[in-house]
Amino acid sequence: MTLSDLQDAKEQIRQSIDIVDLVGGYLSLRRQGRNYVGLCPWHDDSKPSLTVNPQRQSFKCWPCEIGGDIFTFVMKMESLDFREALEMLADRAGVQLAPPRKQADGSDYQFDRRNLYKAVAWAEDKFHQCLLTSPEAEPARQYLADREISSESIEKFHIGFAPHQWDWLLGLAQQVGASPAVLERVGLVGKRQQGEGYYDRFRGRLMFSIRDPRSRPIAFGGRVLPGLGDENPDRPEAKYINSPETPLFSKSAELYALDLAKDGIDSNSGIVVMEGYTDVIMAHQHGIANAVAVLGTALGERHVPLVRRFTDRITLVLDGDDAGQNRTMQILDELLALFVKQDVDLQILTLPTGSDPCDVIASQGREAFTKLLSTAVDALDHKIAAVTNGLASQQNGKGPSTHAAAQAVEEILGTVARAFPTGGNASSVSLVREQQVLSKISRRFGITDETIRTRLTAKRREQSSRRRSYFADQHSPSEAPAQRRDERLSLSAWEKELLELLLHQPQVLPEISKQLRAEDIRSTFCRQMYTRALELTVSGQTPSFQSLIAATDDNDEKNLLVACDELGEQKSASDTGQRVRDLLSLAEQQKQEAWQNSQVAELKQNQLDPEHEQEVLAELFDAFKQKHQ
């Protein structure tokens, strides 16, 4: 793809996708004046700090200094590089992209992400064909038959098998000229600790293909089968292992079968999150097409934007054992805070003791499981029920007065304080929900509303104090964002003013260009933007925010442009002529100071002859007098 093709494609995509629709697919937005605001997903945001500007098609969060356009947003949210974000948004916009350029010898870069995707897809096919045809896979086929997983599901979910050999996949790769280094990069093989070479990471396992929302294979989950694992009683293998973290895969940011479930999601049922691969497969096999599974980790913060793209309702299904229940209780406060802030309805279904979704669906059918889903309770109600479980029931209109009851109230109020925003940050829905919860606590424990409100306020103050303390510890003055910023983006006051004028008052560029040369600008980035604006003017075009932000693919540079754009808009009503005069005066002053500093340096190093030295001293003295007059 040539530079011209790339710019054309970017502009087509930018014009086809509204940033409000894009960001609104990930976050809950509300209108605020001409803009939209939402809770920033990149810091612990208790109030809407993220601003989306529909007119400029930009976004900005000032507290964490992140901003940019639709490409920046997708790159940050999805952890993609620019090319991947471009492809993802091109698909959304229906724009056809030209293939990227090859290397000088015509070959692809071996670690190019397209090659990595191809490697995982190739392995998925080999595992799948092995399951279908290899005699070694008979135990795997028998296991699937015993679990009543149909041949249609085996095809639909691309289930496979890895023979119990140290180099089976490596041998197949050698036959087709595939690079072991590429297989290592995507987590299929590992380097030997002793000696040279590699070994297959998955051996003697049933293979579950993990795909991203675009149905591209990115990783695998492997279940060891009885009699096929490493026979070492001193070091037994884990029943399940997933691919390690790779450029394509992060287990805390993916959900198994989401590529299939997204088409089965509706506004009433939302998405159903389970714990295991076979749970999801059995659910889909029986028509529960909105089921997904977490990947060896709990439902967490990085899942929120992923799920929010498709639904605002989630039902988390817990196995009927103590382990699953305890894991959920440990993270429930965090889940509630995440989902309430994003206006996502989180329901929890606890299955009968000793059962999991796969067993329930296989033995009782779809209708029975759907009926169980209808009994799922709001996550906060689940928390209240769990905390108050075992406390004495109300008697004679009085709630329990034990120490345990007081602790229960404190724990519940701590959850409410964290989950529900306060003041102007709270939506009407969350305010109503909060009042319902507090009324329930009042009735359950026989405590007045006023007392509960007082304790809730105190809890919020405690949590706010802890957050401030944590933030101060994590961001000491020596590590302030402005000081950590790349030197190329460190702008002087007049350079920022120049960019603000270019973005909002481009008609002054001819006047500025008469006195300001590009080489007079110290900042590389500012100099590039100034040069680009001059080129546009010469070609008969008017420089604009869109044309300048399109000239860079660097997220930090886009962020800086958005910041200058926002600040420049605030100054639009100022006297433009005076701003230009001040700008040129500051630029000349800085130029003069730079010359003075260079001359002083030469004097200190005795690099000048005596006659020239006297001339320089006289000029420096005159400049000093003029400055102080």
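Just so we're clear, the structure is a prediction, and the values are computed from it rather than from any experiment.
Between Leu548 and Leu499, the closest side-chain pair of non-hydrogen atoms is not below 4.5 Å. Considering only heavy atoms from C-beta on, Ile218 comes within 4.5 Å of Tyr117 through its side chain. Residues His382 and Thr350 have side chains in contact (heavy-atom distance under 4.5 Å, counting atoms from C-beta outward). By the 4.5 Å heavy-atom criterion applied to side chains, Arg309 and Tyr26 are counted as neighbours.
Looking at Ile70, Val74, Val52 one by one, the single match for side chain to side chain contact (heavy atoms under 4.5 Å, CB included) with Val23 turns out to be Val52.
Between Ala291 and Val280, the shortest heavy-atom distance links the atoms O-CG1, 3.5 Å. Nearest heavy-atom pair across Leu97 and Ala9 is CD2-CB, 3.6 Å. Closest heavy-atom contact between Ala283 and Met274: CB-CE, 3.9 Å.
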Item to check | Candidate pair Arg92 and Ser16, rule side chain to side chain contact (heavy atoms under 4.5 Å, CB included), full reasoning | outcome: CA-CA 9 Å; Arg92 176 172 176 145; Ser16 302; over 6 Å; no
Next on the checklist: Applying side chain to side chain contact (heavy atoms under 4.5 Å, CB included) to Leu39 and Leu27, what does each step give before you reach the verdict?
Outcome noted: CA-CA 7 Å; Leu39 293 168; Leu27 314 171; over 6 Å; no
Next on the checklist: Between Arg527 and Glu495, does the salt bridge (Lys or Arg N to Asp or Glu O under 4.0 Å) criterion hold? Intermediate values first, please.
Outcome noted: CA-CA 9 Å; Arg527 185 165 60 249; Glu495 286 170 333; over 6 Å; no
Checklist entry - What's the verdict on side chain to side chain contact (heavy atoms under 4.5 Å, CB included) for Leu534 and Ser513, showing C-alpha distance, side-chain angles and the deciding distance? => result CA-CA 8 Å; Leu534 290 174; Ser513 63; 3.7 Å; yes
Checklist entry - Asp69 and Lys558: side chain to side chain contact (heavy atoms under 4.5 Å, CB included), yes or no, with the steps? => result CA-CA 7 Å; Asp69 57 5; Lys558 288 182 179 181; 3.0 Å; yes
Between side-chain atoms of residues 561-571 and protein atoms elsewhere (two or more places apart, or another chain), which donor-acceptor pairs fall under 3.5 Å?
residue	atom	partner	partner atom	Å
Asp565	OD1	Arg56	NE	3.0
Asp565	OD1	Arg56	NH2	2.6
Asp565	OD1	His504	NE2	2.9
Asp565	OD2	Arg56	NE	3.2
Glu569	OE2	Arg34	NH2	2.7
Lys571	NZ	Glu497	OE1	3.1
Lys571	NZ	Glu500	OE1	2.8

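Taking the six-membered ring where tryptophan is involved, the planes of Phe82 and Phe71 are tilted, since the angle between them lies from 30° to 60°.
More than 12 heavy atoms of other residues, nucleotides or ligands shown are found within 6.0 angstrom of CD on Gln435.
The pair Arg453-Glu450 fails the salt-bridge criterion, with no side-chain N (NZ, NE, NH1 or NH2) lying under 4.0 Å from an Asp/Glu carboxylate O.
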